[in-house]
Amino acid sequence: MLGPVILAASRSDALRRTISAAPLTKPVVKRFIAGESIEATTPAIEEMAGQGLEVTLDVLGEDVTDPAEATRSRDAYLRLIEVLGPLQLGERAEMSVKLSCMGQALDGGHDIALKNVTAIVEAANAIGTTVTLDAEDHTTIDSTLAIHSALRERFPRTGAVVQSYLFRTEDDCRTLAAAGSRVRLVKGAYKEPASVAHQDKAEVDKAYVRCLRILMEGDGYPMVGSHDPRIIAIAQELAQRAGRKLTDYEFQMLFGIRSAEQHRLAAEGHRMRVYVAYGTDWYGYFMRRLAERPANLAFFLRSLAGRG
């Protein structure tokens, strides 16, 4: 029951200030955040690439309310692409973009976000990689999927993210599971009302499996975003039933969580992509990581108490 409380706290400016100022917070945050800049994060990218892992990179930030902030967010991704180019990793290092960073919530935000993210996708394509559009709260989904559809007309490898806790997601999966599509399935990490989302964890898990079956049986490329051992085993079974080779889908996990499992899957020949977030605006992202797994929250509390 702590998850919804933590998600509510992720929107609190007062708690943001308190937690950010705590002396022991930053060492704990480093478990989930690879660095405060792309330059600081590059060694981790190169190390993971050398270990057979792939990455998707997220420049932290969300809920932009100023056009200048949206431009700065776009430019931060363009700088990321400048750094990635010489590494020559291709799609082994792609990007994840939250459209709220690109100005989606502004007046005329749909068009602003489309313009900003198009510049990023164009630059990513020029160095041989691609972009996945992150899913955010349910009020943004129609705009995000419309932008995704528009981008795919020129850049068909642009990925989408869907969240199994939303009632609509099974239908979205049926639409998205088309040839050439890339779809990351996650459980969901925002506080959503009972009118649009499952509230019970068991129901979210059941919906995840139903969505995963649709994606595995479809013509697209499923990206299994989960740390749950049971879900991982089910994904492997569904892929085998659908006749998929190990290169016909991939697993995705967060930087700093279940690293040994990431290496195990990569060693078995699976495509294993690590979601690597970096930047200074880490609070919302960090709080959602705490809400997702009780073990993350326990780790944080032990560390604050000097026992981590």
Only residue of H110, Q104, E136 satisfying side-chain hydrogen bond (donor to acceptor under 3.5 Å, both in side chains) with T144 is Q104
| task | Please report the C-alpha distance between E192 and D137 in whole Å, then the side-chain angles of each, then the deciding distance to 0.1 Å, and finally whether the side-chain contact (heavy atoms from CB on, under 4.5 Å) criterion is met. | result | CA-CA 7 Å; E192 298 285 14; D137 74 81; 3.7 Å; yes
Here the gap from L185 atom CG to D172 atom CG, rounded to the nearest 0.5 Å, amounts to 11.0 Å
For a 4.5 angstrom cut-off between non-hydrogen side-chain atoms, does R258 reach I232? yes
Worksheet item: Does the S149 side chain pair with the main chain of L145, one donor and one acceptor, at a distance under 3.5 Å?
Response: no
Closest heavy-atom pair, T129 versus A93, reported as atoms and distance to 0.1 Å, is OG1-O, 2.8 Å
Linking I/L/V/M/F/W/Y whenever any side-chain heavy atoms sit under 4.5 Å apart, do L151 and I81 land together? yes
CD of E69 to SG of C101, rounded to nearest 0.5 Å, is 9.5 Å
Exercise. Please check if Y221 and I234 belong to a single hydrophobic cluster, counting links between Ile, Leu, Val, Met, Phe, Trp and Tyr side chain heavy atoms closer than 4.5 Å.
Key: no
Between V83 and T41, is the side-chain contact (heavy atoms from CB on, under 4.5 Å) condition met? List the steps.
CA-CA 10 Å; V83 173; T41 305; over 6 Å; no
E170 and R213 ion-paired at < 4.0 Å: no
dist Y77:OH -> L84:CG (nearest 0.5 Å) comes out at 11.5 Å
Centroid-to-centroid, F251 to Y249, below 6.0 Å?
yes
Pair H263-Q51, side-chain hydrogen bond (donor to acceptor under 3.5 Å, both in side chains): steps then yes or no:
CA-CA 8 Å; H263 287 95; Q51 296 168 341; 2.9 Å; yes
Please determine if R157 and E91 form a salt bridge, counting it only when a charged side-chain N lies under 4.0 Å from a carboxylate O.
yes
In this structure, CZ of R210 is separated from OG of S164 (nearest 0.5 Å) by 9.0 Å
### Task
Test salt bridge (charged side-chain N to carboxylate O under 4.0 Å, His left out) on D200 and K206 and set out the steps.
CA-CA 10 Å; D200 180 72; K206 289 176 185 176; over 6 Å; no
Note to self: Does atom CD (Q88) have a neighbourhood of more than 12 heavy atoms from anything else shown, all under 6.0 Å?
What the structure shows: no
### Message
Is there a side-chain hydrogen bond (donor to acceptor under 3.5 Å, both in side chains) between D228 and S226? Walk through the geometry before answering.
### Response
CA-CA 5 Å; D228 185 333; S226 180; 5.2 Å; no
Salt bridge (charged side-chain N to carboxylate O under 4.0 Å, His left out) for D205 and K201? Distances and angles first, verdict last. CA-CA 6 Å; D205 288 354; K201 181 183 181 302; 2.9 Å; yes
Quiz item: Can any side-chain N or O of Y165 pair as donor or acceptor with the backbone N or O of A207 at less than 3.5 Å?
Solution: no
Note: E54-R271 ion pair, threshold 4.0 Å (strictly below): yes
- Query: Any donor-acceptor pair under 3.5 Å linking the side chain of H227 with the backbone of M253?
  - Reply: no
Query raised in the report: Out of curiosity, does L57 fall in the hydrophobic cluster containing V161 (side-chain heavy atoms, cut-off under 4.5 Å, transitive links)?
Result: no
What one should report as the nearest heavy-atom pair of G159 and H148 is O-CD2, 3.4 Å
Minimal heavy-atom distance between Y278 and E36, with the atoms involved, is CD1-C, 4.5 Å
For I141 and A135, the nearest pair of non-hydrogen atoms, with its separation, is CD1-CB, 4.3 Å
Handout entry: N116 side chain vs R74 backbone, donor-acceptor pair below 3.5 Å
Key = no
Value for CD1 (I45) from CZ (R92), rounded to nearest 0.5 Å, stands at 12.0 Å
side-chain contact (heavy atoms from CB on, under 4.5 Å) test vs Y275 passes for just one of V55, L254, I257, V186, namely L254
Checking Q163 against H138 for the side-chain hydrogen bond (donor to acceptor under 3.5 Å, both in side chains) test, could you report, in this order, the C-alpha distance in whole Å, the side-chain angles of both residues, the deciding distance, and whether it holds?
CA-CA 9 Å; Q163 304 168 103; H138 77 279; over 6 Å; no
Side-chain contact, heavy-atom cut-off 4.5 Å: L80 with I120? no
Is there a chain of hydrophobic side chains (I, L, V, M, F, W, Y, each step under 4.5 Å between heavy atoms) that links M223 to L212? no
In short, D107 meets I112 closest at the heavy-atom pair O-CD1, 3.5 Å
- Would you find more than 12 non-hydrogen atoms of other residues, nucleotides or ligands less than 6.0 Å from Q199 atom CD? yes
Nearest heavy-atom contact between T118 and R154 is CG2-NH1, 3.9 Å
Derivation of the side-chain contact (heavy atoms from CB on, under 4.5 Å) call for R273 and T132:
CA-CA 13 Å; R273 192 177 301 274; T132 295; over 6 Å; no
Is there a path of hydrophobic side-chain contacts, each under 4.5 Å between heavy atoms of I, L, V, M, F, W or Y residues, that connects V97 with L106? no
Query - side-chain contact (heavy atoms from CB on, under 4.5 Å) assessment of E39 paired with R79 - result: CA-CA 10 Å; E39 290 78 13; R79 172 59 184 155; 2.7 Å; yes
Flag the pair R72 and D75 as a salt bridge only when some basic side-chain nitrogen lies within less than 4.0 angstrom of an acidic carboxylate oxygen.
no
Donor-acceptor under 3.5 Å (S143 side chain, T140 main chain): no
Between T56 and E94, does the side-chain hydrogen bond (donor to acceptor under 3.5 Å, both in side chains) criterion hold? Intermediate values first, please.
CA-CA 5 Å; T56 185; E94 62 133 49; 2.5 Å; yes
- prompt: Between the side chain of T169 and the main-chain N/O of V162, is any donor-acceptor distance below 3.5 Å?
  reply: no
CG (D134) and NZ (K98) are apart, to the nearest 0.5 Å, by 4.0 Å
